[in-house]
Colleague: 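The structure is given below, and queries will be raised subsequently.
Positions are given from 1 along the sequence. Below, each value reflects all heavy atoms present in this structure, side chains not excepted, and no hydrogens, waters or symmetry copies. Computed from a predicted model, the values in this text were never measured in an experiment.
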Amino acid sequence: MWRAGAGLVKGATQLSQRPVNLPGSKGIYDLEATDSRLILALTTALPASAADKPHNVVVFVADGLRYDSVTPERAPALYAAKKRGVDFVNSHSVYPTITTVNASAIATGHYIGDTGNFGNSVFVGRLDFGKTSTPFLEDDEVLGLMNAEFGGNYLNETTLLAAARAAGFATAAIGKTGPTAIQDVTARDGTQTLVIDDAIGKPNGLPVPPDIARAIADAGLPPSAPKTAVPNTDQNSYMIAVATKVVLPKLKAGGKPFVLVFWSRDPDASQHGTKDSAAKLPTAQSQYGINGPSAVAGVRDADDTFAGLMGALKSQGLNRTTNVFITADHGFSTIVKSVNRNTSKAAEFETDSGDPVDLPSGFVAIDIASELNLPLFDPNLKRNVDYRAGHHTAFGNGFIGNDPKAPEVIVVANGGSELIYLPAHNSNERLHQIVDFLTKQIYVSGIFVDDKYGEIPGTLPMSAINYRGSAKTPQPAIIFSFASSALPGCEPLLLCAAEYADTSLKTGQGMHGSFSRSDTRNFMAAFGPDFRRHFADPAPISNADITPTLAGLLHLDIMPKGALTGRVISEALKGGKPVAFTREHLVSRPAANGRVTRLDRQSAGGRRYFDAAGIPGQTVGLSGP
């Protein structure tokens, strides 16, 4: 039984109770609105045809794959998959459009207000946590520390793999370090879900069971994965070889239904690391940015990896009994962060010339520290930062205040978005100062504040984007998205976005994390014995819908703690009927300078889907004047 809920924005209209039939199921879903919470109770979600033995499930994640990147020329296998089964033409990444954020949504079926995975880097709430109190979560050791810090499971929700494992399924997760382990975040000793990521064989990697290590050696594979490269062909080839030569045969030999998640590091690695146009301003004519040869090769690498996995399913006789769900954690944009000296304090300190300069990593922390006239401290390197001398923090994160042991403001960089924490008890004045400053910056587009501060001009509440729920980890006070724009003369629009980003990467390379539609527009498709064929689904779906849908097909009993969940994508299942959906827009009160935060979103089945948000005219894909 999957029981899921979705919170409503304060003042929103509640849905009346009504039954909804799940195609092919023996029971119904009851939609029931109670105390501003919409609760979906699943009595039975197992199709009658699979009542005796559920079909296997494979979830394939192509990290950073944009929907429009999947063409017959660039990604023939993935293109054929969406044509064969369900093409989710109205797909959504969860905001912020960052890897571990969406990994937690894919794993649990919950939005980020429940999982507390607020970014790839977060503030953990105390200053003596591990090597830094603002850790980067794409690290197996850090994930273990997060679990220890927050009650044994920092996500505070049961993942699909954990539930399947508990129900007797064989379970495995393979691929990119960080999001792979998040798929069963409490399985860390090698005796539960089989977790093999590209940190295999390294001191801080997860243990590999002895029989798997022997099978890897017997398959002629080395004990460690190759280093990440551009394109990431060698590493992906190693991981798919482990999957097809070792893991799939083991799953088949076990005789149980299985659930396998494979997380491909490409095209993300190639789009981030592309050097075709590093430090150059992209243009349509030059094909600079992440539409260049390196990134195109990364898309093809992901496609070849997917084709290899599907070929192994077929050769081992598993293709007809396996449902395959394909997704990407986020879209992507080209970085353009070259500015004039008067655009940012960080740029002013960077150079004395009048020439444009790339904003340094940590420019937001520098700008806020300068605005507040307070010292800046690097929590990663644990040293003071003399930003007036042109220095900056190592990874963008910064403690601001006179005492680094009691910072007034904590800034945590997350690529296309930024988290700001206000740990001091008397933080209301600082929040208003920072928001007033942010509304004046050309690189800011879309500001959300913790609901406890009330209505702040120029901002929307975090609850409007499902960013406030039952999370155990500390709640940011502010999250904002960086501004984005379209590259001139480039088409289609969502392959042609440029964005500011707080990163060490350069103009011309790739980034994501913003609230532009280019970053929220991910690739999603599904096929298999329980999914419709040749169906383009017009209804909105997101990464948070994957676990509710697959849990239903697997007849799993998952009881959520939080209410911010996805829905069962019933219209995509065999016998499914159309799902009604609506579009709506929220607009904040204007700031003193007239700027507003606008949010474009959709609703279907009582769930919200976020298209784009920001300042009109400064966010790709945002509607309105």
Side-chain angles (χ1 to χ4, degrees), residues 9-10 94-98 101 112-113 118-119 122-123 343-345 359 363-365 367-369 371-372 396 398 400 409-422 427-468 475-485 499-502 513-517 519-520 585-601 610-625:
V9 175
K10 185 176 180 180
V94 168
Y95 179 75
T97 49
I98 296 291
V101 169
I112 310 313
F118 294 114
V122 297
F123 173 57
T343 300
S344 159
K345 294 290 186 183
L359 290 167
F363 67 88
V364 174
D367 279 2
I368 293 176
E371 173 69 14
L372 301 179
I400 299 171
V409 182
I410 296 174
V411 178
V412 183
N414 274 277
S417 286
E418 205 90 353
L419 303 178
I420 300 175
Y421 298 79
L422 299 174
S427 60
N428 195 63
E429 180 182 353
R430 283 295 187 223
L431 181 127
H432 281 80
Q433 287 179 294
I434 293 169
V435 167
D436 180 66
F437 172 76
L438 292 176
T439 59
K440 300 172 183 176
Q441 307 312 305
I442 66 165
Y443 55 72
V444 173
S445 184
I447 308 171
F448 299 85
V449 298
D450 190 346
D451 294 54
K452 73 179 184 181
Y453 292 101
E455 187 178 12
I456 309 295
T459 78
L460 287 171
M462 286 183 176
S463 59
I465 55 171
N466 288 358
Y467 212 69
R468 200 168 190 272
Q475 182 82 30
I478 301 168
I479 181 172
F480 73 84
S481 171
F482 286 104
S484 57
S485 60
E499 69 183 37
Y500 289 97
D502 196 349
S514 82
F515 223 144
S516 75
R517 190 65 177 118
D519 284 3
T520 68
H585 316 283
L586 298 181
V587 182
S588 73
R589 287 173 51 198
N593 62 357
R595 286 187 169 185
V596 299
T597 293
R598 178 186 176 95
L599 170 65
D600 291 350
R601 68 187 185 191
F610 307 109
D611 294 338
I615 299 169
Q618 293 186 199
T619 303
V620 170
L622 184 67
S623 65

Colleague: Can you check ring pair (Phe, Tyr, Trp, His ring centres under 6.0 Å) on Tyr467 and Phe118, steps first, answer last?
Modeller: CA-CA 8 Å; Tyr467 212 69; Phe118 294 114; 5.0 Å; yes
Colleague: Taking only residues two or more places apart in sequence, or in another chain, which ones meet Thr459 in a side chain to side chain contact (heavy atoms under 4.5 Å, CB included)?
Modeller: Val435, Ile447, Val449, Ile456
Colleague: With rounding to the nearest 0.5 angstrom, report the OH to OG distance, Tyr500 to Ser445.
Modeller: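 That separation rounds to 11.0 Å.
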Colleague: Give me the ring orientation class for Phe363 and Tyr443: parallel if the planes are under 30° apart, tilted from 30 to 60°, perpendicular past 60°.
Modeller: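 Ring orientation of Phe363 relative to Tyr443: perpendicular.
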Colleague: Please collect all salt bridge (Lys or Arg N to Asp or Glu O under 4.0 Å) contacts where either partner lies in residues 612-625, sequence neighbours excluded, each pair once.
Modeller: none
Colleague: Output, in order, the C-alpha distance, side-chain angles, deciding distance and verdict of side-chain hydrogen bond (donor to acceptor under 3.5 Å, both in side chains) for Ser623 and Arg598.
Modeller: CA-CA 9 Å; Ser623 65; Arg598 178 186 176 95; 3.2 Å; yes
Colleague: If the condition is side chain to side chain contact (heavy atoms under 4.5 Å, CB included), which residues does Glu455 pass it with, not counting sequence neighbours?
Modeller: Arg589
Colleague: Please enumerate all residues that pass salt bridge (charged side-chain N to carboxylate O under 4.0 Å, His left out) together with Arg430, with sequence neighbours excluded.
Modeller: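 Listed in chain order: Glu408.
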Colleague: Name the one of Leu622, Leu586, Thr520, Thr619 that satisfies side-chain contact (heavy atoms from CB on, under 4.5 Å) with Asp600?
Modeller: Leu622
Colleague: Tell me whether the centres of the aromatic rings in Phe610 and Tyr95 are closer together than 6.0 Å.
Modeller: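 Centroid separation for Phe610 and Tyr95: 6.0 Å or greater.
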Colleague: Considering residues at least two apart in sequence or located in another chain, which fulfil the salt bridge (charged side-chain N to carboxylate O under 4.0 Å, His left out) criterion with Lys452?
Modeller: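 Applying salt bridge (charged side-chain N to carboxylate O under 4.0 Å, His left out) to Lys452 gives none.
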Colleague: Provide the closest heavy-atom pair for Asp450 versus Gln475 in the form atom of the first, atom of the second, distance.
Modeller: OD2-CG, 3.5 Å
Colleague: Output all residues satisfying side chain to side chain contact (heavy atoms under 4.5 Å, CB included) with Pro590, sequence neighbours left out; order by chain, then residue number.
Modeller: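 Here the qualifying residues are Val596.
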Colleague: For the pair Asn414 (side chain) and Gly513 (backbone), establish whether a donor and an acceptor sit closer than 3.5 Å, ignoring hydrogens and angles.
Modeller: no
